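Down below is the structure, laid out as structure tokens.
Chain naming here is simple, since letters A, B, ... match the order of the sequence lines and numbering starts at 1 in each. Here the structure is a predicted model, which is why all the values come from computation and not from measurement.
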Protein chains: 4
Amino acid sequence: MTDESARNEIMTATYEALCEHGYTELTAQAIADRTDKSKSLLFYHYDSKEDLVASFFDFLLEQFDERVEENRDLPPVERLASFVDWFLYDPEDAERTSFHTAMLELRAQAPHNERFQEQLRRSDDALRAILEEILSEGLEAGSFHEHDPEETAALLIAALDGARIRQLTIGRDVYLEEVRSGIAAEIFDELLTEEVDFPARDDSVEGDETDDAALAREGSGADGAGGSGD
Amino acid sequence: MTDESARNEIMTATYEALCEHGYTELTAQAIADRTDKSKSLLFYHYDSKEDLVASFFDFLLEQFDERVEENRDLPPVERLASFVDWFLYDPEDAERTSFHTAMLELRAQAPHNERFQEQLRRSDDALRAILEEILSEGLEAGSFHEHDPEETAALLIAALDGARIRQLTIGRDVYLEEVRSGIAAEIFDELLTEEVDFPARDDSVEGDETDDAALAREGSGADGAGGSGD
Amino acid sequence: MTDESARNEIMTATYEALCEHGYTELTAQAIADRTDKSKSLLFYHYDSKEDLVASFFDFLLEQFDERVEENRDLPPVERLASFVDWFLYDPEDAERTSFHTAMLELRAQAPHNERFQEQLRRSDDALRAILEEILSEGLEAGSFHEHDPEETAALLIAALDGARIRQLTIGRDVYLEEVRSGIAAEIFDELLTEEVDFPARDDSVEGDETDDAALAREGSGADGAGGSGD
Amino acid sequence: MTDESARNEIMTATYEALCEHGYTELTAQAIADRTDKSKSLLFYHYDSKEDLVASFFDFLLEQFDERVEENRDLPPVERLASFVDWFLYDPEDAERTSFHTAMLELRAQAPHNERFQEQLRRSDDALRAILEEILSEGLEAGSFHEHDPEETAALLIAALDGARIRQLTIGRDVYLEEVRSGIAAEIFDELLTEEVDFPARDDSVEGDETDDAALAREGSGADGAGGSGD
DNA sequence: GATGAATGAGTTTTCATTCAT
DNA sequence: TATGAATGAAAACTCATTCAT
């Protein structure tokens with residue numbers, strides 16, 4: 001795959017097809033239909049459908065890695081808040097919803113797909129490392145009370161991920177809401193030292209971009225933490 | 001569906017096929033192969049494959065409901081401990097692992113399948129109700145400190161479910177371990193009043209039943225909380 | 001494959017498709033088209049196209065075995081003559097020509113197909129055994145001069161097969177003719193004792209059967225020696 | 001086709017691909033892969049794959065023609081011996097085996113391919129002419145007894161070719177061995193006059209050339225008699 | 001000359017589903 | 001109830017061939 005634009009076209013088409021049909025019903029035809037190319041071209045660029053999907057997985061993670069860098073200079077507390085927001089997405093946001101849905105299906109394949117699992121592992125390592133870094137920096141900066149960053153990171157990610165998944169699969173907002181407030185309280189009471197404030201949800205995010213490429217980027221980027229979180 | 005034993009045979013076969021192949025690769029033939037009946041018979045008993053799988057979902061939940069009753073008379077603290085153990089299963093237990101894997105795949109279909117979603121919703125309602133009941137009873141009994149049972153329940157379930165899913169998809173034990181110790185600490189410090197002890201993990205679980213039907217029942221029962229939790 | 005008639009239908013269709021298209025261009029569709037059944041049925045009865053073709057090979061050999069028995073009671077000299085005629089077929093006979101052509105293609109696959117090779121080996125063993133038997137019996141009966149039946153059998157089969165193949169591939173009658181007269185002379189001068197006559201070609205064979213099943217049987221039977229000879 | 005070296009490269013690649021995959025599985029890609037050029041270039045040089053393969057056939061025959069000249073000055077008996085050796089190749093010789101295998105497949109296509117058939121016809125004419133020439137010269141020189149050179153040539157070629165083909169397709173050495181000794185005996189007793197000796201097999205053949213082009217040439221040359229013989 | 005990208009027409013194979021028995 | 005046989009629709013994948021550059 002030399003041609004970057006062809007690759008992007010296929011990746012975007014894969015993303016759309018995945019969102020619309022789900023992994024189980026994802027067909028090469030459905031992907032090609034979202035392209036101005038033929039189905040056979042997919043097999044020119046990728047050895048098999050599985051290879052294509054695995055590449056798509058990589059594609060998402062690439063974007064996540066870029067995204068992660070963006071917040072690097074924020075102070076720990078804000079990075080933490082932004083981290084939480086990545087997970088506890090707004091369920092009204094159809095774009096995000098379908099993205100997370102697609103990711104969930106891909107993740108559910110991992111137990112049967114060594115390559116997926118490895119990709120997830122790599123991504124999870126990165127995600128935990130970042131959260132642990134945030135927590136450690138906060139500790140050093142005196143923003144956080146004493147705690148075990150490794151344990152807290154795992155606990156936070158599990159709760160955030162679990163809330164998101166239950167939201168997606170059950171279709172009720174209760175988990176997002178209760179976990180948000182529960183975590184906020186937890187963080188407030190347990191984690192933050194008295195002199196720091198935990199920022200409220202940043203709803204000003206993502207303006208009005210609408211084209212698919214941008215949405216895909218945002219979607220995956222935003223999930224990045226989660227995509228990787230996924 | 002008149003014949004109860006035929007139904008059970010098909011359900012058990014579906015369970016096995018699902019564990020072995022995963023939802024995406026689940027075929028009517030694979031189910032029939034685990035039966036001493038023919039493939040056509042499946043379509044005599046069920047209108048379609050989707051119908052069969054939805055029934056299978058019900059089948060799991062039925063067993064969950066039975067299971068839930070079993071612990072009803074235990075004191076709240078022990079019920080809570082048993083609840084946690086349902087989720088944070090032993091990853092060495094192949095039976096449980098494949099069961100949770102299968103459930104994860106079914107759950108991942110829910111966003112594309114209204115019926116699945118409804119089933120999950122019902123099951124989740126039951127699950128949260130139970131945990132809230134446990135927490136409320138504990139409050140009344142003076143075993144737990146003051147807290148919001150609804151929030152705590154959601155938070156606990158999200159964290160437990162998230163940990164299990166990450167374990168399954170990433171193939172590392174870190175989440176199970178850290179979340180177990182994190183939650184234990186949390187419960188100890190925050191939830192339990194001084195005079196109560198949180199019981200250690202119950203590893204004396206399920207004796208030596210070996211036939212498939214029993215395993216399926218145990219599997220789903222045990223997950224029940226989780227099946228429903230799923 | 002329980003149903004004998006379905007099997008025969010598919011085998012006959014395979015034979016026809018093979019004659020018409022050749023092995024290289026043989027498709028499942030072409031076979032199904034010569035059937036009143038669907039293409040998918042082929043894959044219900046056979047695991048793959050290769051499996052089907054290998055079964056077809058067996059089918060031909062089965063018929064050969066039956067055929068061989070037929071001549072068993074003739075005296076050696078006549079059996080020998082009939083043997084020669086099996087190979088040096090009449091090139092005007094379109095039925096035979098297309099049959100031998102199909103066989104040649106299948107045989108040419110053997111170096112790349114272990115199963116084909118094994119089938120050919122079995123068939124060749126039988127063929128040589130028969131010819132050696134004929135020659136040995138002739139020796140005992142005093143119809144043949146002293147010679148090494150094993151060597152003579154191999155030599156005769158090689159020459160007959162070679163002649164037939166060159167006829168088929170080159171499209172000229174020269175080999176059939178010269179080898180027939182050469183072998184006749186050889187047999188006359190070298191093999192036969194003075195008191196025996198070598199019968200002239202038996203052109204009275206193949207009556208007027210016309211339906212495909214019969215043609216297939218005759219074809220393969222006749223080649224049998226050759227099919228197996230192939 | 002202007003560029004001779006490009007042509008040679010493609011021909012050699014075709015030879016290798018044919019040996020490795022067989023005609024049925026021969027693809028343009030497989031040929032290009034054995035070249036340092038692209039697949040598209042094949043279609044710049046040749047109108048179609050069929051055209052390419054037909055050219056490859058010609059390529060083999062060209063080399064045969066050259067080869068034939070080489071032995072022209074030998075005395076008839078030695079030329080005859082060398083002729084026999086061309087056909088009854090050493091089955092341990094992997095190079096030769098794969099070459100003859102490839103040729104067999106091409107020949108098996110001839111009944112469906114007018115052009116192939118014509119090429120074979122031309123080659124066969126040359127082959128028989130040579131053998132007849134050898135036999136006639138031997139007759140004149142008094143090395144051979146009286147016989148019909150045309151008939152003997154056809155008989156010899158058929159037997160040699162048949163033996164080689166059965167060896168290739170059945171995978172047993174019996175035909176090569178028995179036909180070699182049978183023919184040797186035949187020639188001794190019938191063909192040679194008392195004062196001449198039939199030379200033993202020439203195993204000193206082909207020295208140590210190793211590059212592919214040479215191998216191809218040797219292969220085809222050696223077979224030449226047989227390539228054409230094929 | 002040379003190639004990467006592209007494709008249409010086809011190929012094998014799969015599978016839920018139906019139906020006569 | 002139960003099944004073997006049957007199939008249509010679609011899936012993944014292949015491949016000779018074309019074409020703009």
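The side chain of C:K49 lies closest to E:dT13, out of F:dA2, F:dT17, E:dT13. Side-chain proximity of A:S38 to the nucleotides F:dG8, F:dC13, E:dT7 is greatest for E:dT7.
For the pair A:E25 CD and E:dA16 P, the computed distance is 11 Å after rounding to whole Å. With rounding to whole Å, D:L52 atom CG is found 10 Å from F:dT17 atom P. With rounding to whole Å, B:D33 atom CG is found 13 Å from E:dC15 atom C1'. Rounded to whole Å, the distance from OH on A:Y46 to P on F:dA12 is 16 Å. The NE2-P distance, from C:H21 to E:dT12, rounds to 11 Å in whole Å. Taking atom CZ of residue D:F43 and atom P of nucleotide E:dA2, one finds them 16 Å apart after rounding to whole Å. When the C1' atom of E:dA5 is taken as reference, atom CZ of A:R7 falls 17 Å away, rounded to whole Å. D:D47 places its CG atom 14 Å from the P atom of F:dC19, with the value rounded to the nearest Å.
At a cut-off of 3.5 angstrom, the base of E:dT3 holds no donor-acceptor pair with the side chain of D:K39. In this model, a side-chain donor or acceptor of A:S40 finds a partner on the base of E:dG8 within 3.5 Å.
The shortest distance between the side-chain N/O atoms of A:H45 and the OP1/OP2 oxygens of E:dG4 is not below 4.0 Å.
Where C:S48 and D:D36 meet DNA chain E, the nucleotide closest to each residue was compared, and D:D36 sits on the side nearer the 5' end. Map A:A28 and C:L41 each onto its nearest nucleotide of DNA chain F; the residue landing nearer the 5' end is C:L41. Looking at which nucleotide of DNA chain F each of D:Q29 and C:Y44 is closest to, the 5′-most match is held by C:Y44.
A:L26 comes within 4.0 angstrom of sugar-phosphate atoms only, judged by non-hydrogen atoms across all strands, and of no base. At the heavy-atom level, D:I31 lies nowhere under 4.0 Å from the strands shown.
Between D:F59 and D:Y15, the gap from one ring centroid to the other reaches at least 6.0 Å.
Applying side chain to side chain donor-acceptor pair (under 3.5 Å) to C:R34 and the options C:E20, C:E16, C:E9 leaves one that passes, C:E20.
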May I have the step-by-step check of side-chain contact (heavy atoms from CB on, under 4.5 Å) for C:V53 and C:L106, ending in yes or no? CA-CA 9 Å; C:V53 177; C:L106 290 178; 3.8 Å; yes
Working note: D:L60 + D:F99, criterion side-chain contact (heavy atoms from CB on, under 4.5 Å); need CA distance, chi angles, decisive distance, verdict. CA-CA 11 Å; D:L60 292 183; D:F99 175 77; 3.9 Å; yes
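A:T24 OG1 to B:E105 CD: the interatomic distance, rounded to the nearest 0.5 Å, is 7.5 Å.
Remark: D:S55 engages D:M11, D:Y46, D:D51, D:R115 in a side-chain contact (heavy atoms from CB on, under 4.5 Å) (not counting sequence neighbours).
Over its full length, the helix from E:dA2-F:dT21 to E:dT21-F:dA2 turns its helical axis through 10°, comparing axes from the five pairs at each end and rounding to 10°.
In this pair, C:F57 and C:F116 present their aromatic rings perpendicular. The plane angle is above 60°, beyond the 30 to 60° band.
Nearest heavy atom pair, residue A:Q117 against residue A:A110, reads NE2-O, 3.2 Å.
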